[in-house]
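Below is one structure, written out as structure tokens; the observations come after it.
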Amino acid sequence: MTDTEKPLNFIEKVIEEDLASGKTKQVQTRFPPEPNGYLHIGHAKSICLNFGLAQKYGGQCNLRFDDTNPAKEDVEYVESIKEDVKWLGFEWADEVKFSSGYFDQLYDWAVHLIKEGKAYVCDLTQEETREYRGTLTEPGKNSPFRDRSVEENLDLFERMRDGEFEDGARSLRVKIDMAHGNMHMRDPIIYRIKNMAHHQTGDKWHIYPSYDYAHGQGDAIEGVTHSVCTLEFAEHQPLYNWFIENLPVPAIPRQYEFSRLNVNYLVTSKRKLKQLVDENIVNGWDDPRMPTISGMRRRGFTAQSIRNFIESTGVTRVDGVVDMSQLEFSIREDLNENAPRAMCILRPLKVTLWNVPEENSTDYLVAPNHPQNEEMGTRTLIFDREIYIDKEDFREEANKKYKRLVIGKRVRLRNAYVIEADEAVKDKNGEIIEVKARIIEGTLGNNPADGIKPKGVIHWVSAIQNVDCEVRLYDRLYNDVAPDAGGKDHLESINPNSLEVLTGCKGEVSLQAPRTDIPYQFEREGYYFLDKDSDVDKDLEEQKLVFNRTIGLRDTWEK
RNA sequence: UGGGACGUCGCCAAGUGGUAAGGCUCUGGGUUUUGAUCUCAGCAUUCGUAGGUUCGAUCCCUACCGUCCCAGCCA
């Protein structure tokens, strides 16, 4: 159709070559989170990549929990991760996989390595192990236990498995090269003793495999063809391959690394996000200010907008930081097209239209749900003698840059009449509490007959019949563009004003039974999504409506 | 002065031995009952730097500079 087809990223190129050469019959990928926290926007990239690749090339993608460290994991996280992946719009192949599901096989393979003389039980303590490992610039020394006999290793390893030793007393190591330039190749530890229950395997094990020992073999067992991970694992690739070459695995997976997603003003480190939750800086993992999938969902981000955003940032090996504006563009782009419009007054100011008769003042007007898309239908607006407009939309006097209501000037009420302000009523403190104005007859759908056209349009809501609600406005969580760069403590740049709660907001009557599937665009304000703190099942009088501002409208007005 | 990776517009990101796509941001104009949307236009003589090879280099070679990752019985 067009000649602007999207260029392939480097992983897609590899896959297309492998498919063309016949090296790969069917693409198999996997998304392998450790269930030790909630998924965040960074994970979304890995999810979109892994599931997207499988989808694009007619293959499959597994969801595999890399649960080799019971000390940090919990079922709470496996459930939330499943939910988030589904919500993002992806389906994993058959049942969910667990690295812990391969513990028996992994154990047998460890015995195999021992029998081949390639693995040994080491009695060095953690501190000694570190000393023996050497440093970045100096080679390490061989462990004094490196040359134990196969029989002794077999016996010790079996006793490790049976829970005979204390945590950390011994470890199983693979015999590679203590002088290797790559630290991960200096006799890495593949099993450690942890006398601790596991959320999936219960009390069965007293030893648990390391990531390095479990990951590649898990890939091989599942027939993963392209094991895609982030750049920090590039260092592990030689070891990943070493296991594949030295074990009788059923398939040969290959690892490819891409750079992780960074967005400025955000932090994507499970540890730091957990800190925000634990120290009550935010209200849970799904706080709308969190860059977690659940937080963004609650905020009103759509799965489509997140997928589009990820797609727009590309897949490379370059360490970069994506501008927040790119994320904002993706959500506005989606919501502009799909969000139904409504009017809601955040900071109400009463306007009395004195020339509307007091008796039977209520009028019913029809407004489109979307200005460019008729298929989205219409809604009924209630117009009255008394209405609310936003405090920001009225000034007693203003320069001509100001296109809103000013005394002696006209403004159009969105979807309704043109009005002209006559007088501002103030309280004893001099604060404006009401505006007296009048409607210009015949301006519903028409310009004023006298030719004096209003300069601007403002939104409004009937002061007699409306829906009371709470609106939560969110600002960035951090004031620093790079809250945790260069070892900075992200807590020091927390924005104390990241949440502003507005109560007594007045929404148009159609908001009485609000949609829960997509945000609304509150015209001239932004996009707002119903929060789970709402209670819409109760009687009208008791119902509680809470809206989160997903994102404001683009604002190019130079004030 | 150990090993590995990466450096193309403010931010992402294509590209290739033959004379720098696209998106975001930004700037200016038009339309508009959302200061939104839409729309038009502008925005890298230059590809980290310096040499070299070549008729010609962002792309090849060399050196240098810069950034990131690795010394968990974390993943």
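So you know, we letter chains A, B, ... as the sequences are listed, proteins then strands, and number each from 1. Below, each value reflects all heavy atoms present in this structure, side chains not excepted, and no hydrogens, waters or symmetry copies.
Here A:W109 pairs with nothing under the ring-ring contact (aromatic ring centres under 6.0 Å, His included) rule; sequence neighbours left out. With sequence neighbours left out, the ring-ring contact (aromatic ring centres under 6.0 Å, His included) criterion links A:F98 to A:F65. Applying the side chain to side chain contact (heavy atoms under 4.5 Å, CB included) rule to A:V315 yields the partners A:N9, A:F10, A:I11, A:L49, A:F258; only residues at least two apart in sequence or on another chain are considered. Take A:K401 and apply the salt bridge (Lys or Arg N to Asp or Glu O under 4.0 Å) test, not counting sequence neighbours, and it matches A:E558. When the side-chain hydrogen bond (donor to acceptor under 3.5 Å, both in side chains) test is applied to A:R332, no partner is found at least two apart in sequence or on another chain. Residues that satisfy the ring-ring contact (aromatic ring centres under 6.0 Å, His included) test with A:H206, not counting sequence neighbours, are absent from this structure.
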field: Where protein sits on nucleotides 38-43 of chain B, one letter per nucleotide: B base, S sugar-phosphate only, - none, heavy atoms under 4.0 Å
entry: ------
Letter per nucleotide, 5' to 3', of nucleotides 19-31 of chain B [B base touched, S only sugar-phosphate touched, - untouched; heavy atoms, 4.0 Å]: ----BSSS-----
task: Give the B/S/- string for nucleotides 66-75 of chain B, one per nucleotide from 5' to 3', where a protein heavy atom under 4.0 Å of the base yields B, of only the sugar-phosphate yields S, and otherwise -.
output: --SBBBSBBB
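Contact annotation for A:R317: backbone-only contact, meaning every heavy-atom pair under 4.0 Å involves sugar-phosphate atoms and none involves a base. A:A416 comes within 4.0 angstrom of a nucleotide base, judged by non-hydrogen atoms across all strands.
For B:rA75, there is no paired base (Watson-Crick or G-U wobble, both distances below 3.5 Å). In this structure, B:rA41 forms a base pair with B:rU27, meeting either the Watson-Crick or the G-U wobble geometry with both donor-acceptor distances under 3.5 Å. Look at B:rU49: its Watson-Crick or wobble partner, with both distances under 3.5 angstrom, is B:rA63. Across all strands shown, B:rC68 forms a Watson-Crick or G-U wobble pair with B:rG4, both key distances being under 3.5 Å.
Under the side chain to side chain donor-acceptor pair (under 3.5 Å) criterion, the residue pairs touching residues 169-181 of chain A are A:D123-A:R170, with sequence neighbours excluded. Each salt bridge (Lys or Arg N to Asp or Glu O under 4.0 Å) pair with one or both residues in residues 255-270 of chain A, not counting sequence neighbours, appears once here: A:E232-A:R260, A:E257-A:R317.
Rounded to an integer number of Å, the gap from CE of A:M343 to C1' of B:rU34 is 10 Å.
Ion pairing between a basic and an acidic side chain is recognised when a charged N comes within 4.0 Å of a carboxylate O; A:D390 and A:R404 show no such pairing. Taking a cutoff of 4.0 Å between a charged side-chain nitrogen and a carboxylate oxygen, A:E222 and A:K97 do not qualify as a salt bridge. Using a cutoff of 4.0 Å between basic side-chain nitrogens and carboxylate oxygens, A:R524 and A:D393 are scored as salt-bridged.
Within residues 366-381 of chain A, the residues having any heavy atom closer than 4.0 Å to RNA chain B are, in order of number, A:P371, A:Q372.
Note: A:W285 and A:Y77 have perpendicular aromatic rings, judged against thresholds of 30 and 60 degrees for the angle between ring planes.
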